[in-house]
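Inspection log for the structure reproduced underneath, given as structure tokens.
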Amino acid sequence: MLDPALLRAQLADTARRLRDTRGFELDVAALEALEAERKTIQIRTQELQNLRNTRSKAIGAAKAKGEDVAPLMAEVAGFGDELKASEARLAEIQQAFADIALRVPNLPHESVPIGRDENGNVEMHRHGEPTRFDFKPRDHIDLGARKGWLDAESASRISGARFTVLRGELARLHRALAQFMLDLHTGEHGYLEVNVPLLVAPEALVGTGNLPKFEEDLFRTDTGDVRRFLIPTAEVPLTNLVREQIVEADALPMRMTAHTMCFRAEAGSYGRDVRGMIRQHQFEKVELVSITRPQDSWAEHERMTRCAETVLERLGLPYRRMVLCTGDMGFAAARTHDLEVWLPGQDAYREISSCSNCEAFQARRMQGRWRNPDTGKPELLHTLNGSGVAIGRALIAVMENYQQADGSIRVPEVLRGYMGGAEVIA
RNA sequence: GGAGAGGUGGCAGAGUGGUCGAAUGCGCCGGAUUCGAAAUCCGGUUUACGGGUCUCCCGUAACGUGGGUUCGAAUCCCACCCUCUCCGCCA
């Protein structure tokens, strides 16, 4: 959520910035009307509440002295209805304001390139060169089919489209990737390993910005009359660890990592990446979340992106870093770096990690604060999240980049310890 | 799933219709005392929102959540959520 002051005192300017960057049309007329009424109604409501409180206390005092309270009672009765109506109207206005405010995306940082869609993204740098082969490289679907390692057909019989069954050495390689990433981030990058719930309450998703606007992207369960959602990313439970908390300054930065399943409905992506395991309803990811002081978040953003890049470098995978343009960024982000890994099977770079600084946008939604020793006051935290990295896509990248002419796959050196020392899976 | 107990400030724990944002203790911060420390004593110590003469003052709200009763609710009523104990089931 944006600072409410931006939606009140600087409404016109904020609307312009949202339009120019994200192409988002803020309902200025509605907000103006609400704000105009809010102010008078709120002042009047509090006035009446004050009146009621003082009269009620007077009644108590009069009763204690044994005096007649009838006149006081009559006085209160006089404005009781107005108070009720006023309170109700104020609640309506505040609800209406929140309904709008919770659907307004974050303002991009000034450093973010302006653009409409992914074509406006800008490459920052690249690492390695696209892998060369002296034979025609296959894609992961072919490579996986050879030994029954990767089986979409069985998965669709069990669960439907966009699921995959992994078997044997490929399943093990998948697990090895997760282990490697987790060990790297906890052992070398200072992240604390956390194991989190995969089913979360709606409030947690409001906190990260997935709700109320993007419910159609989520899987939901209504068992036992309690509505819960399957997490689309571990960012949700990890970031919500500071929800409604005031953390001490010496606990910052908080760096947390978790290996979890992620579940996405992929509504609106029909026809995209239908073959293979690039885009699945269920996938695994090692997530990085940092919680920082506001003054530290941009340095942390670079650091986090480097942590994700290190994963790809250690795996020996060619990649490039992109900065997403204003029109392609996610709802909560102020700036996002995407890492795109080279996939020989597609002859293209494809997203494998996304690292975002959300500044105070999520923290404000979840009232996540820290105590600033300089002011002694609780102030909003900054939250960052990044994939470190997507495991399914890393598996694809390893398969396609490490394939050999006979369809076998060399095991990247850093993974061999997790593979019983195997140098190749065949 | 069955039976019972309970959710109050950073923590512990009082409070069962009135001046209670809330005793007391602990913790924490400041001060006094001390050569210094301990002990002791004094004072302070939640958050959100709104208004203003905007380093401060005033007001409103918040005692699990949401409704209700009432002039007035931490306190009474209803629903829900959560925690704990015992039983059952279970990875």
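Values below: every heavy atom of this structure, side chains too, minus hydrogens, waters and symmetry copies. On a predicted model such as this, the values are computed, not experimentally measured, just so you know. Below, chain A is the first sequence line, B the second, and so on; all start at residue 1.
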Nucleotide by nucleotide, 5' to 3', does protein get under 4.0 Å of the base (B), only the sugar-phosphate (S), or neither (-) in nucleotides 61-77 of chain B, counting heavy atoms?
S---------BS-----
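The 5' end of RNA chain B is approached more closely, in terms of each residue's nearest nucleotide, by P4(A) than by the other of P4(A) and R228(A). Along RNA chain B, the nucleotide nearest R8(A) and the nucleotide nearest G376(A) are compared for position; the residue whose nucleotide lies closer to the 5' end is G376(A).
Between the CG atom of L90(A) and the P atom of rG50(B) there is a distance of 11 Å, given to the nearest Å. In this structure, CD of E248(A) is placed 13 Å from P of rC11(B), rounded to the nearest angstrom. Counting to the nearest Å, the P atom of rU55(B) and the NZ atom of K377(A) are 12 Å from each other. Rounded to whole Å, the distance from CZ on R365(A) to P on rA48(B) is 19 Å. Between the C1' atom of rG51(B) and the CD1 atom of I41(A) lies a distance of 16 Å, rounded to the nearest Å. Between the CD atom of E47(A) and the P atom of rG59(B) there is a distance of 13 Å, rounded to whole Å. Atom CD of Q367(A) is separated from atom C1' of rU46(B) by 14 Å (rounded to the nearest Å). Between the P atom of rG10(B) and the CD atom of E244(A) lies a distance of 13 Å, rounded to the nearest Å.
Using N1 to N3 plus N6-O4 or O6-N4 for Watson-Crick, or N1-O2 and O6-N3 for G-U wobble, each under 3.5 Å, rC54(B) pairs with nothing. rG88(B) makes up no base pair with any nucleotide shown, lacking Watson-Crick or G-U wobble contacts both under 3.5 Å. Pair check for rU19(B) finds none; no Watson-Crick or G-U wobble contact set falls under 3.5 Å. Here rG72(B) sits opposite no nucleotide as a Watson-Crick or G-U wobble pair (both hydrogen-bonding atom distances under 3.5 Å). When both distances must be under 3.5 Å, the Watson-Crick or G-U wobble mate of rU46(B) is rA62(B). Using N1 to N3 plus N6-O4 or O6-N4 for Watson-Crick, or N1-O2 and O6-N3 for G-U wobble, each under 3.5 Å, rG6(B) pairs with rC82(B). Across all strands shown, rU40(B) forms a Watson-Crick or G-U wobble pair, both distances under 3.5 Å, with rA32(B). Base-pair partner of rC11(B): rG25(B) (Watson-Crick or G-U wobble, both distances under 3.5 Å).
Look at the C1' atom in both rA14(B) and rA23(B): the space between them is 6 Å, to the nearest Å. Across rU45(B) and rG10(B), the matching P atoms stand 14 Å from one another, rounded to whole Å. When the C1' atom is compared between rG25(B) and rG13(B), the two are found 8 Å apart, to the nearest whole Å. rC63(B) and rC20(B): their C1' atoms are spaced 10 Å apart (whole Å). Comparing the same atom, C1', in rC89(B) and in rC81(B) gives a spacing of 23 Å after rounding to whole Å. Distance check on atom P: rU60(B) versus rU33(B) gives 41 Å, rounded to whole Å. The same atom, P, is picked in rA12(B) and in rG64(B); the two are 14 Å apart, to the nearest Å. Taking atom P in both rG1(B) and rC80(B), one finds a spacing of 12 Å when rounded to whole Å.
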Does the pair N401(A) and L315(A) meet the rule for a side chain to side chain contact (heavy atoms under 4.5 Å, CB included), with working shown?
CA-CA 10 Å; N401(A) 283 286; L315(A) 288 169; over 6 Å; no
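Ion pairing of E400(A) with R350(A) is absent here, as no side-chain N (NZ or NE/NH1/NH2) approaches a carboxylate O to less than 4.0 Å. A salt bridge does not link E87(A) with K84(A): none of the charged nitrogens is closer than 4.0 Å to a carboxylate oxygen. Between R306(A) and E313(A), at least one side-chain N (NZ, or NE/NH1/NH2) sits under 4.0 Å from a carboxylate O, which counts as a salt bridge.
For the side chain to side chain contact (heavy atoms under 4.5 Å, CB included) with Y402(A), the qualifying choice from V424(A), L317(A), L143(A) is L317(A), the only one to do so.
Close to rU60(B), at under 4.0 Å from its OP1 or OP2, lies a side-chain N or O of N50(A). Within the structure, a side-chain polar atom (N or O) of R369(A) is placed less than 4.0 Å from OP1 or OP2 of rA48(B). Put simply, R44(A) has no side-chain N or O that comes within less than 4.0 Å of OP1 or OP2 on rG51(B).
Side-chain contact, D338(A) with S354(A): a donor N or O sits under 3.5 Å from an acceptor N or O. No side-chain donor-acceptor contact under 3.5 Å links T186(A) and E193(A). Between the side chains of E235(A) and T208(A), not a single donor N or O lies within less than 3.5 Å of an accepting N or O.
Backbone-only engagement by R371(A) is indicated by non-hydrogen atom pairs under 4.0 Å involving sugar-phosphate atoms exclusively.
Using a 30° and 60° split on the angle between ring planes, F163(A) and H281(A) fall in the tilted class, from 30° to 60°. Classification of the H189(A)-H185(A) ring pair by plane angle, with boundaries at 30° and 60°, yields tilted.
With hydrogens and angles ignored, a donor-acceptor pair under 3.5 angstrom links the side chain of Q46(A) to the base of rG59(B).
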